[in-house]
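Okay, structure first, notes after.
By convention in this document, chain letters (A, B, ...) are assigned in the order of the sequence lines, proteins followed by strands, and residues within each chain are numbered from 1. Quick caveat, the model's predicted, so the values are computed rather than measured.
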Number of protein chains: 2
Amino acid sequence: VLEVEDITKTYMMGEIPVNALRGLSFEVESGEYIAVVGPSGSGKSTLLNMIGALDRPTSGKLMIEGVDVSTLSDNQLADTRKNVGFVFQFFNLIPRLDARGNVDLPLAIAGVPRSERKKRTEEVLTSVGLEDRMHHKSSELSGGERQRVAVARAIVTNPAFILMDEPTGNLDSKTGGEIMDLVKQLNEKQGVTLIVVTHDQYIGQQADRTLHMLDGVIASDVVN
Amino acid sequence: VLEVEDITKTYMMGEIPVNALRGLSFEVESGEYIAVVGPSGSGKSTLLNMIGALDRPTSGKLMIEGVDVSTLSDNQLADTRKNVGFVFQFFNLIPRLDARGNVDLPLAIAGVPRSERKKRTEEVLTSVGLEDRMHHKSSELSGGERQRVAVARAIVTNPAFILMDEPTGNLDSKTGGEIMDLVKQLNEKQGVTLIVVTHDQYIGQQADRTLHMLDGVIASDVVN
Ligand SMILES: Nc1ncnc2c1ncn2[C@@H]1O[C@H](COP(=O)(O)OP(=O)(O)OP(=O)(O)O)[C@@H](O)[C@H]1O
Ligand SMILES: Nc1ncnc2c1ncn2[C@@H]1O[C@H](COP(=O)(O)OP(=O)(O)OP(=O)(O)O)[C@@H](O)[C@H]1O
Ligand SMILES: [Mg+2]
Ligand SMILES: [Mg+2]
């Protein structure tokens, strides 16, 4: 489902290059559950943004379902993103919508009928423990509650491919464990392909395989 | 240095009350290092905002250095905040300033001369591992790098009292351990009073005492 060939990413700060990714190659099969770990600043979010078609590599090839993303136009790239659930490191919730509105939005964009959307949104928000916080806006939610809205939003459309950037950083170990058990079920029962960036050992153990990043390269790629 | 007597905090969502703090009482001596732990949504950030004079309790007494904060005007409250270092759960960095500008700001407000500010800012950013990221703005930093800028900004003025809301959520365990060892040194060597909200077991072990919060109350207050 994913083939990464020698990709690099260089950010330009004026004249100074920052080499966030220095040549990465790996493949992901459909239904795999991969953890991506590594020190702060090692390039994990940059890599996930490439895979999620949110940004383009500076060089190298990235094939999603056999299509080379560097050949796609911006519109086609946006289309590719619709089939991928994405949890951002800082959630990127829409401030003027409440929890329910944020989770409802991807269903509305996909053209799901209103009554079905209401049922599905409440089901997913309940599955992440937020049944009593549906009408709270981001500013009326705790850090970990916002994070869980972001997880609910990523899974509500039943995507076949889900990317998560540190989904439990603001959660206590019990709540974080419950969220990741839910996500593990999606992988085991529905064959959802998962790539999760994490600093959490518990997630590392749940994954099939772990990519260790260090300074913009993959230091090791090990089956758990 | 801190006396909390039966404080409550109720947020109003239209007509519906949300009781985030339901009656908390405890005292903190100068030089203590306290960890505050508890499930997502249990009221930790709300409590820290009260102690940091960023918000007022709905009822109850909160005395900082013997002064009851509920008797203070907004200006006096702002003055109180100047002596307290605060790390926000989502950092609250100023987007148009780079890492150095964000750490320099509290020194500039305190009237420290420019040459001394430059030296001190570089020293503190180096102590959190960001010597090569001083000229990056927030949008040009990784999640954990932003978090470390927020920690550097809270300690740069050498405050006697530091409050941290989940300072390591976006850091790998090695980097997080280095940051908290640095903070522990401030407590042991300089007698800085520390209250740290955390989901990280390592911090829990470093503290002298742990307040366990549950549903807006203190479930237990134990010496480690
Ligand atoms: N827009 C940008 N301009 C310049 N440098 C950037 C930019 N975005 C990221 N970087 C740098 O690229 C490096 C990799 O960033 P990235 O966000 O991928 O790290 P990360 O592994 O996700 O770290 P963390 O665990 O702290 O979130 C960092 O050192 C960061 O400073
Ligand atoms: N402005 C607000 N309006 C209404 N409810 C709020 C508001 N701010 C917080 N809350 C609610 O108060 C409760 C406590 O929030 P708080 O941010 O203190 O939790 P927390 O313990 O810090 O959680 P986390 O570990 O997830 O950051 C939460 O359930 C939250 O939904
Ligand atoms: Mg990151
Ligand atoms: Mg909080």
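- Using a 4.5 Å cut-off between heavy atoms, B:V18 touches chain A through its side chain atoms alone.
- Judged by distance alone, with hydrogens and angles left aside, the side-chain atoms of A:R153 form no donor-acceptor pair with the main-chain N or O of A:N102 at under 3.5 Å.
- When heavy atoms are compared at a cutoff of 4.5 Å, B:F91 approaches chain A solely by way of its side chain, counted from C-beta outward.
- Of the atoms belonging to B:Y11, not a single heavy atom falls under 4.5 Å from chain A.
- No side-chain heavy atom of A:Y33 sits under 4.5 Å from any side-chain heavy atom of A:I195.
- Interface remark: B:E145 contributes backbone and side-chain atoms alike to the contact with chain A (heavy atom separation under 4.5 Å).
- Taking a cutoff of 4.0 Å between a charged side-chain nitrogen and a carboxylate oxygen, B:R117 and B:D104 qualify as a salt bridge.
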- Task: For A:D221 and A:R209, run salt bridge (Lys or Arg N to Asp or Glu O under 4.0 Å): C-alpha distance rounded to whole Å, both residues' side-chain angles, the deciding distance at 0.1 Å, then the answer.
- Result: CA-CA 7 Å; A:D221 180 349; A:R209 186 177 149 200; 2.9 Å; yes

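- Listed here is the closest heavy atom pair of A:A152 and A:L125: CB-CD2, 4.1 Å.
- Per-residue counts of heavy-atom pairs under 4.5 Å with chain B were compared for A:K174, A:Q147, A:R148, A:R133; the largest is that of A:R148.
- Considering only heavy atoms from C-beta on, A:V28 comes within 4.5 Å of A:T193 through its side chain.
- Chain A forms more heavy-atom pairs under 4.5 Å with one residue of B:S142, B:P39, B:A20 than with any other, namely B:P39.
- Ranked by heavy-atom pairs under 4.5 Å with chain A, the first of B:H136, B:E166, B:E140 is B:H136.
- Judged by distance alone, the side chain of A:S25 and the main-chain N or O of A:D6 form a donor-acceptor pair under 3.5 Å.
- Options A:G129, A:G176, A:G169, A:S173 differ in how many heavy-atom pairs under 4.5 Å they form with chain B, and the most are formed by A:G169.
- Comparing A:T175, A:N170, A:T46, A:D132 by how many heavy-atom pairs each has under 4.5 Å with chain B, the most go to A:N170.
- Of all the listed residues (B:H135, B:K137, B:H199), the one sharing the greatest number of non-hydrogen pairs under 4.5 Å with chain A is B:H199.
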